[in-house]
Protein chains: 2
Amino acid sequence: MSIQTRRERERAERERLIVTAARELAEAEGWDAVTTRRLAAEIEYSQPVLYSHFKGKDAIMAAVAVQGCADLAEELRTARTAAKGVREALAAVGTAYTAFGRRRPALYDAMFTHAVDLPFATPEAPEPLKAAFGELLQAVEPIANEGDDPGLLTETYWAGLHGLVTLMRSGRLPENAHEDRLALLIGHFTAG
Amino acid sequence: MSIQTRRERERAERERLIVTAARELAEAEGWDAVTTRRLAAEIEYSQPVLYSHFKGKDAIMAAVAVQGCADLAEELRTARTAAKGVREALAAVGTAYTAFGRRRPALYDAMFTHAVDLPFATPEAPEPLKAAFGELLQAVEPIANEGDDPGLLTETYWAGLHGLVTLMRSGRLPENAHEDRLALLIGHFTAG
DNA sequence: CAGAAATTCTAGCAGCGCTAGCCAATCTTT
DNA sequence: AAAGATTGGCTAGCGCTGCTAGAATTTCTG
């Protein structure tokens, strides 16, 4: 029993090592640099070891994405709780969200851009995903007009933020006017 | 001279053939299926011929994206001009945009998701890109509050639409509530 | 018709995700 | 404590990718 648990503990630790190495490598050099060979070298094991933990590279990215959602949720929470009013909270959360996307592009891509086999808008979604969405929801809920579904409104607000981040990051929207666009988006959501 | 022009004409025709084949293959089986070998077989030439026309696969995708923007611009124009009022026009354009993204996902990805080496928000941007954005702009402009930059407002509206399309298509937003979210987005932009 | 020039093809490189099958270290049993 | 069983990691390699060098063929020129 003790030996068994020690092994399981070591395995879990190595799994965390893989996910952390993948995230750090992706954040440092982009996901293109995260090859299974490179990742294996980074953790000082051979390639097949990765496949004893994860089904494939996509599953590793999914694990990184889940971890990233926890980070995002925390940052959103901090921003939201520090804001004074409901309008300020919505703005703070929006600013924190887009800042996260710009500061950690590779992580953001794993979370919200890359095609990934994760249940999102369902009860089976991993806890960190629901937590991140929940932070948005708590910021949006107070400014929802009666009759509006807060969940749907949050999804729509999220889509706006996501669009801003991705279009800007791919060079389709100029970076310098980001603050103005964000203000416009927030303004149109708080005005309603 | 005549021989020269004939050759150039044939070359241009083959280039169109490549772009069309790439688009059709992508729309039929997804971009993963568009390998240089497969594409070469499709146009009945050998692989290196592709590289005499385009710098690489990404350049082919960029060409497909430009073509796609022309398509989108046309559909947006149709939707906009058929609408009765300014609010209806904004809604019609938004609906047409998201419908385009859902109906032609591979094309949409090449245009707005895939990292692509195209000048977007500059005067040097290809004409079809500016045309597509121009359609959005013409729909947004009439509902802009005074003091708001219509260009920035259009970019923000675009971001909202883009976010809805991409998050839904990647399974992060449930498909069934799309109409409701779109209505919310439009509503918050027309309410101003 | 022969030489020159342009164009297309064959063949191959390096690297990718992923896996079969061997080998060694570890645990169990006598 | 030695022998057998089992777990686990490694080496090597498959089929594929985007891309390219250089041979070969076709086309035009003198």
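Chain A is the first sequence line, chain B the second, and so forth, proteins listed ahead of strands; every chain is numbered from 1. The figures that follow rest on heavy atoms only: side chains count, while hydrogens, waters and symmetry mates do not.
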What does A:Arg11 touch in the nucleic acid at a heavy-atom separation under 4.0 angstrom: a base, only the sugar-phosphate, or nothing?
nothing
Could you tell me the separation between the CD atom of A:Glu44 and the C1' atom of D:dC10, rounded to a whole number of Å?
15 Å
Of all of residues 15-29 of chain A, which get a heavy atom below 4.0 angstrom from DNA chain D, listed by number?
none
Cut-off 3.5 Å, no hydrogens considered: what does the side-chain donor-acceptor table look like for residues 59-73 of chain A, sequence neighbours left out?
| from | atom 1 | to | atom 2 | distance (Å) |
| --- | --- | --- | --- | --- |
| A:Gln67 | OE1 | A:Arg23 | NE | 2.9 |
| A:Asp71 | OD2 | A:Arg104 | NH1 | 3.0 |

Sub-6.0 Å ring centroid separation between A:Tyr45 and A:His53:
no
In chain order, what residues pass the salt bridge (charged side-chain N to carboxylate O under 4.0 Å, His left out) check against A:Glu10, with sequence neighbours excluded?
A:Arg6
Whole angstrom value for the distance that separates P of D:dG18 from CE of B:Met61:
11 Å
Atom-to-atom span, OH of A:Tyr45 to P of C:dA24 - whole angstrom
18 Å
Please list, chain by chain and in numerical order, all residues satisfying side-chain hydrogen bond (donor to acceptor under 3.5 Å, both in side chains) with A:Glu74, sequence neighbours excluded.
none
Report which part of the nucleic acid B:Arg14 touches: base, sugar-phosphate, or nothing (heavy-atom distance under 4.0 Å, all strands).
sugar-phosphate
What I want to find out is whether A:Arg9 reaches A:Glu13 closely enough, with some N-O distance under 4.0 Å, to be called a salt bridge.
no
To the nearest Å, give me how far apart CD1 (A:Ile43) and C1' (D:dC10) are.
13 Å
State which residues pass side-chain hydrogen bond (donor to acceptor under 3.5 Å, both in side chains) with A:Thr122; sequence neighbours excluded, sorted by chain then number.
A:Glu124
In whole angstroms, how far is the C1' atom of C:dT8 from the CG atom of B:Leu50?
12 Å
Listed partners of A:Arg169 passing side-chain hydrogen bond (donor to acceptor under 3.5 Å, both in side chains), at least two apart:
A:Asp109
For A:Thr95, all residues meeting side-chain hydrogen bond (donor to acceptor under 3.5 Å, both in side chains), sequence neighbours excluded:
none
Between P on D:dC10 and NE2 on A:His53, what's the gap in Å once rounded to a whole number?
11 Å
Measure CZ/A:Arg7 against P/D:dT7 and give the value in whole Å, please.
9 Å
B:Arg37: which residues meet the salt bridge (charged side-chain N to carboxylate O under 4.0 Å, His left out) condition with it, sequence neighbours left out?
none
Judged by each residue's nearest nucleotide on DNA chain D, which is more toward the 5′ side, B:Ala33 or A:Val49?
A:Val49
Check nucleotides 17-19 of chain C against the protein and report each pair of N or O atoms closer than 3.5 Å, with its distance, or say if there are none.
| from | atom 1 | to | atom 2 | distance (Å) |
| --- | --- | --- | --- | --- |
| C:dG17 | OP1 | A:Lys57 | NZ | 3.3 |
| C:dG17 | OP2 | A:Thr36 | N | 2.8 |
| C:dG17 | OP2 | A:Thr36 | OG1 | 3.1 |
| C:dG17 | N7 | A:Arg37 | NH2 | 2.8 |
| C:dG17 | O6 | A:Arg37 | NH2 | 2.9 |
| C:dC18 | OP2 | A:Tyr51 | OH | 3.0 |
| C:dC18 | OP2 | A:Lys57 | N | 2.8 |
| C:dC18 | O5' | A:Tyr51 | OH | 3.4 |
| C:dC18 | N4 | A:Gln47 | OE1 | 2.8 |
| C:dC18 | N4 | A:Gln47 | NE2 | 3.0 |

